[in-house]
Amino acid sequence: MKTTLTRTEMLDRWRLHRGFDIPHFNAGASRTDGIDLDSILAAEMDEWYANLLHTAPVRHLAPVDIASSMASAAGEGGVMRLNLSLSTVRVAAVRLSSWRRAATVVTDPSCRVAQNQFHPFTRASAHDPVAVFDPVGKTLDLYPCHSRSDRIVTLSVVEFHPDEFSFDSSALSLI
């Protein structure tokens, strides 16, 4: 189940899962010296969340389908280039109407699979399409795209929004 938490709500969950928020049954104590535990836990939480968004299996994330908000236009040389929002961290799934299945998403524009897309004889086909996501420039190149009538059927992305934590509730078990 998709869960979206504010920074405060996530820190409360983080404290609980890390064993720092144990019910005290009406017992109280306060100190004015010592370490700022919340700052340490918040930094740890932010690192965990960034790692989750970049490396976790998609089943632990909360991808957003943005296909309807993207304009489709076939580009030159059999490729469709999409400019994604700066909040996009990962592409979970993408498919064009002419493809037989969803594309294999590649995140390194300099890898062999991405470089093969520049030549028409080594380029992907509708039976085995390739999407090259550039995480720095936030562009997504879709191969092949030969028709102006090609439209985006599926485009699911994982996004990062400051002070908002969105993921599947199963990801809490990864803390």
Side-chain angles (χ1 to χ4, degrees), residues 1-14 16-18 42-75 79-114 116-117 123-145 147 149-175:
M1 174 172 53
K2 180 181 174 179
T3 303
T4 300
L5 303 172
T6 64
R7 183 167 203 63
T8 304
E9 293 168 334
M10 183 62 188
L11 187 56
D12 289 343
R13 292 265 181 108
W14 191 262
L16 180 66
H17 283 271
R18 301 293 284 167
E44 194 177 83
M45 177 182 74
D46 290 339
E47 288 177 28
W48 172 84
Y49 186 61
N51 186 53
L52 180 82
L53 293 180
H54 286 90
T55 63
V58 176
R59 71 178 182 273
H60 293 304
L61 305 175
V64 180
D65 191 0
I66 60 169
S68 60
S69 65
M70 298 299 294
S72 301
V79 61
M80 179 186 292
R81 173 164 278 188
L82 304 175
N83 292 311
L84 303 177
S85 72
L86 294 177
S87 62
T88 303
V89 175
R90 249 168 100 174
V91 176
V94 61
R95 184 174 178 190
L96 291 180
S97 57
S98 65
W99 293 350
R100 303 289 183 237
R101 64 175 196 85
T104 300
V105 179
V106 176
T107 58
D108 180 6
S110 64
C111 77
R112 184 185 55 78
V113 174
N116 284 347
Q117 305 315 306
R123 183 172 295 154
S125 68
H127 295 284
D128 195 21
V130 171
V132 180
F133 174 57
D134 178 4
V136 176
K138 305 297 181 186
T139 58
L140 182 65
D141 292 335
L142 307 176
Y143 298 94
C145 180
S147 170
S149 63
D150 235 352
R151 59 183 174 72
I152 303 167
V153 175
T154 304
L155 180 53
S156 294
V157 296
V158 175
E159 296 179 325
F160 171 78
H161 298 286
D163 297 325
E164 184 179 281
F165 297 80
S166 292
F167 49 82
D168 189 88
S169 58
S170 67
L172 290 172
S173 68
L174 302 175
I175 294 177

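- Between Val132 and Val79 there is no side-chain heavy-atom pair separated by less than 4.5 Å.
- With contacts defined as side-chain heavy-atom distances shorter than 4.5 Å, the pair Val94/Phe133 does not qualify.
- Taking all atoms of both residues into account, the shortest heavy-atom contact from Ala124 to Gln117 is N-OE1, 2.9 Å.
- Between Trp14 and Trp48, the ring planes lie tilted relative to each other; the angle falls in the 30° to 60° range.
- Counting only heavy atoms from C-beta outward, the side chains of Tyr143 and Asp128 never approach each other to under 4.5 Å.
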Quiz item: Does the side chain to side chain contact (heavy atoms under 4.5 Å, CB included) test come out yes or no for Met10 and Phe167, once each step is laid out?
Solution: CA-CA 11 Å; Met10 183 62 188; Phe167 49 82; 3.9 Å; yes
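- Although no hydrogens or angles enter the test, the distance criterion places a donor-acceptor pair under 3.5 Å between the side chain of Asp168 and the main chain of Met1.
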Exercise. Determine, step by step, whether Ile175 and Arg13 satisfy the side chain to side chain contact (heavy atoms under 4.5 Å, CB included) criterion, reporting the C-alpha distance in whole Å, the side-chain angles of both residues, the deciding distance to 0.1 Å, and the verdict.
Key: CA-CA 10 Å; Ile175 294 177; Arg13 292 265 181 108; 5.8 Å; no
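- Taking 4.5 Å as the limit, every side-chain heavy atom of Leu96 sits out of range of all side-chain heavy atoms of Pro129.
- In this structure a side-chain-to-backbone donor-acceptor pair under 3.5 Å is missing from Glu164 to Thr4.
- What you find for Ser166 and Ala62 is that their closest heavy atoms are C-CB, 4.1 Å.
- The side chain to side chain donor-acceptor pair (under 3.5 Å) check on Thr104 picks up Arg101, with sequence neighbours excluded.
- Between the Trp99 side chain and the Pro144 main chain, a donor and an acceptor come within less than 3.5 Å of each other.
- Leu61 and Leu52 make their closest contact through CD2-O, 3.5 Å (heavy atoms, listed as atom of the first residue, atom of the second, distance).
- Remark: Leu84 CG to Lys138 NZ distance equals 8.5 Å, nearest 0.5 Å.
- Between the Arg59 side chain and the Ala171 main chain, no donor and acceptor come within less than 3.5 Å of each other.
- Between the Ser156 side chain and the Ala93 main chain, no donor and acceptor come within less than 3.5 Å of each other.
- With sequence neighbours excluded, the residues forming a salt bridge (Lys or Arg N to Asp or Glu O under 4.0 Å) with Glu44 are Arg18, listed by chain and number.
- Taking each heavy atom of Arg90 and Ala56 in turn, the nearest pair found is NH1-O, 2.7 Å.
- Separating the CG atom in Leu172 from the CG atom in Leu5 is a distance of 7.5 Å, to the nearest 0.5 Å.
- For the atom pair NE2 (His60) and OG (Ser169), the distance works out to 10.5 Å, reported to the nearest 0.5 Å.
- Judged purely by distance below 3.5 Å, without hydrogens or angles, the side chains of Ser87 and Ser85 pair a donor atom with an acceptor atom.
- You'll find the side chain of Val130 stays beyond 4.5 Å of the side chain of Asn116, heavy atoms only.
- The minimum heavy-atom distance between Val106 and Ala114, with the atom names listed, is CG1-CB, 4.4 Å.
- In Arg123, the CZ atom is crowded: over 12 heavy atoms of neighbouring residues, nucleotides or ligands sit closer than 6.0 Å.
- Here the shortest heavy-atom pairing between Ala126 and Ser98 reads CB-O, 3.6 Å.
- A distance of 12.5 Å separates OG1 in Thr88 from CZ in Phe160, rounded to the nearest 0.5 Å.
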Quiz item: Should Leu155 and Leu82 be marked as a side chain to side chain contact (heavy atoms under 4.5 Å, CB included) after you check the CA-CA gap, both sets of side-chain angles, and the distance that decides it?
Solution: CA-CA 11 Å; Leu155 180 53; Leu82 304 175; 4.0 Å; yes
Practice problem: Kindly indicate, with the supporting measurements, whether the criterion side chain to side chain contact (heavy atoms under 4.5 Å, CB included) is fulfilled by Leu142 and Asp150. | Solution: CA-CA 11 Å; Leu142 307 176; Asp150 235 352; over 6 Å; no
